[in-house]
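Reviewing the structure listed below.
Order of the sequence lines fixes the chain letters, A, B, ..., with proteins taken first and strands second; residue numbering starts at 1 for each chain.
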2 protein chains.
Amino acid sequence: MSQISIGTFNVNSVNARMPILERFLTSEEAPEILCLQETKCRDEMFPEDLFKELGYHSLFKGMKSYNGVAVISKIEPDEVEFGLNDGAVEPDKEESENARVVFAKFGDLNILNTYIPQGKEIDHPDYQYKLRFFQRVRQLFERKLTPKEKLLWLGDLNVAPTDFDVTNPKNKKNHVCFHADVKNAFAEVMSWGFVDIFRKHLPNDGEYSYWDYRVKDAFTRNIGWRIDHIIGTEIMAESSKKVWVERSLRAMERPSDHTAVIASFKV
Amino acid sequence: MSQISIGTFNVNSVNARMPILERFLTSEEAPEILCLQETKCRDEMFPEDLFKELGYHSLFKGMKSYNGVAVISKIEPDEVEFGLNDGAVEPDKEESENARVVFAKFGDLNILNTYIPQGKEIDHPDYQYKLRFFQRVRQLFERKLTPKEKLLWLGDLNVAPTDFDVTNPKNKKNHVCFHADVKNAFAEVMSWGFVDIFRKHLPNDGEYSYWDYRVKDAFTRNIGWRIDHIIGTEIMAESSKKVWVERSLRAMERPSDHTAVIASFKV
DNA sequence: GCGTACCCAG
DNA sequence: CTGGGTACGC
């Protein structure tokens, strides 16, 4: 019986965040597998060699300026797939969807790392695209797996599912990450057969993963959002031992606006 | 009999260079008067308060993005004047000329700090403007002073007067800072009654003040230019005791492409 | 290469 | 506020 820890971290530029990642990945808390979002670099710019020196294999798909996902892991994955691959992708969205979704299989453990579109505003076409994106993620799960399998869904899902997940729920009813429709779209995916593993271990309020740079002293005042998630099938929830928010990363010099969320499992 | 040291430093943004300026101005080598060029900030943005805390009075004239001159001094000047004020300024050049030339009088010591136009290319109209700029600087001296007075001319003059002043003179014949015409234009100003005080004390080659960021390892390989000058009337040359290039500033973190050049005088 | 400035995005 | 892009100057 051994332990494995798996996490998610929206880095807001993987290259800008290397000093923080280097410290984190050489610390006691370093996870075996870490899902990254918003790497914000083309594949040629991805710091694969630096991760290799830290003992991590990298899979990544990026683009110029926006989006970009990666999975770095001490063990090599057996299978990898980028994008939703459902035939529903519009031609101009292909690049960004590949830079938002990565599936990786490590033995019998399936991992989906997603950076869900933010949606801009409630009446913007991107918000409808976001709602459809959740549907398509559910369809991906239906197509590839069953709820009986070992599956984790991690990433920046750009949704705070409950009032406990934001500092001030009252003034966020029309926010694209808190509106009823996006909560429902998220709940529809969850109902396929998922458990919110973060909430299983950290049921209290005030547990956030993102603090807006634009809100003055948001981090020290703990004005934040829980939009980075660790979700899994029942079997994964049962084997989960602990979840923690690695707040130290958000307190370092030049931090991302998000921090890492990690779960440990017994295997 | 006491000592005063006076220098010139093209800072390539005064705000970007404050960490370096703070260290320099609190060190043993801190000059009593320092002429700055390329401050690159509008007057509202000039860090007057920071210099005040360091014990320096500031005079400055800047503009958005480009140019900008300042004189910071432990003693307050008695007279100040910006620009060439010869009635020859074209309307669209008025702002930049005021941000290129500052005259200051400290007792009987006259100081002209200039940031001479670079000139872009030998066949560009800006190069002819540069040559005329030197003429107009000479006319300013003729109008205001005589070679018998105490006068220093400092600044980034964008001219390397001799083969000793660049690393590879052969491939620079058509450079706007090394072409025969610009050397002549500079020599014309010198002939009014100036001594090259830098060269009086540092006659050897390899003494530069500017190392191009774009030349790989230019500073460590000492591939540079002497384009920042300390020039004075005979009486100033006679009272000069020492000149040094403050290379430490170019070796610090996030340096300017230039470094400071300082002269000490007995008064 | 390293400074500006201005744009976009979250 | 802090990323990334562009353009421009030296």
Separation of [X] atom [atom1] from [N] atom [atom2], in whole Å?
{"X": "A:His124", "N": "C:dC8", "atom1": "NE2", "atom2": "P", "value": "13 Å"}
{"X": "B:Met45", "N": "C:dT4", "atom1": "CE", "atom2": "P", "value": "11 Å"}
{"X": "B:Gln118", "N": "C:dC2", "atom1": "CD", "atom2": "P", "value": "19 Å"}
{"X": "A:Tyr210", "N": "C:dA9", "atom1": "OH", "atom2": "P", "value": "15 Å"}
{"X": "B:Arg214", "N": "C:dG3", "atom1": "CZ", "atom2": "P", "value": "14 Å"}
{"X": "A:Glu38", "N": "C:dG10", "atom1": "CD", "atom2": "P", "value": "8 Å"}
{"X": "A:Asn67", "N": "C:dC8", "atom1": "CG", "atom2": "P", "value": "18 Å"}
{"X": "A:Leu157", "N": "C:dG10", "atom1": "CG", "atom2": "P", "value": "16 Å"}

Covered region of DNA chain D, 5' end to 3' end, by chain B [heavy atoms, under 4.0 Å]:
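For DNA chain D, the relevant span reads D:dG9 to D:dC10.
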How far does CG of A:Leu59 sit from CZ of A:Phe46, to the nearest 0.5 angstrom?
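The distance works out to 8.5 Å.
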Look at the side chain of [X] and the backbone N and O of [Y], then say whether any donor-acceptor pair between them is shorter than 3.5 Å.
{"X": "B:Arg250", "Y": "B:Asp257", "result": "yes"}
{"X": "B:Thr259", "Y": "B:Glu246", "result": "yes"}
{"X": "B:Arg138", "Y": "B:Glu188", "result": "yes"}

For B:Tyr213, does the OH atom have more than 12 heavy-atom neighbours from other residues, nucleotides or ligands under 6.0 Å away?
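Enclosed: over 12 neighbouring heavy atoms sit under 6.0 Å from OH of B:Tyr213.
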Counting only heavy atoms from other residues, nucleotides and ligands, does the tally under 6.0 Å from NZ of A:Lys216 exceed 12?
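No, because the 6.0 Å sphere around NZ of A:Lys216 holds 12 heavy atoms or fewer from other groups.
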Run the side-chain hydrogen bond (donor to acceptor under 3.5 Å, both in side chains) check on B:Asn113 and B:Gln37 step by step: do they pass?
CA-CA 8 Å; B:Asn113 173 20; B:Gln37 306 86 36; 2.8 Å; yes
Side-chain N or O of B:Lys40 closer than 4.0 Å to phosphate OP1/OP2 of C:dA5
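It does not, given that no N or O in the side chain of B:Lys40 lies less than 4.0 Å from OP1 or OP2 of C:dA5.
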Are A:Arg17 and A:Asn10 close enough that a side-chain donor and a side-chain acceptor fall under 3.5 Å?
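A:Arg17 vs A:Asn10: no donor-acceptor pair found between side chains.
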Counting only heavy atoms and a strict 4.0 angstrom limit, can you tell me which residues of residues 170-181 of chain A come near DNA chain D?
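Going residue by residue through residues 170-181 of chain A, none turns out to have a heavy atom under 4.0 Å of DNA chain D.
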Which residues within residues 7-26 of chain B lie with some heavy atom under 4.0 Å of an atom in DNA chain D?
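Of all residues in residues 7-26 of chain B, none places a heavy atom under 4.0 Å from DNA chain D.
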Ionic contact status for A:Lys61 with A:Glu95, cut-off 4.0 Å
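Judged by the 4.0 Å cut-off on N to carboxylate O distance, A:Glu95 and A:Lys61 do not form a salt bridge.
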Students often get this wrong, so: under 4.0 angstrom with heavy atoms, is B:Lys216 touching a base, only sugar-phosphate, or nothing?
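Nothing, no nucleic acid heavy atom in range.
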So B:Asp228 and B:Ser209, side-chain hydrogen bond (donor to acceptor under 3.5 Å, both in side chains) or not? Walk me through it.
CA-CA 6 Å; B:Asp228 300 279; B:Ser209 62; 2.6 Å; yes
A:Arg226: which of A:Asp156, A:Asp163, A:Asp165 passes salt bridge (Lys or Arg N to Asp or Glu O under 4.0 Å):
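Among A:Asp156, A:Asp163, A:Asp165, the one that satisfies the salt bridge (Lys or Arg N to Asp or Glu O under 4.0 Å) with A:Arg226 is A:Asp165.
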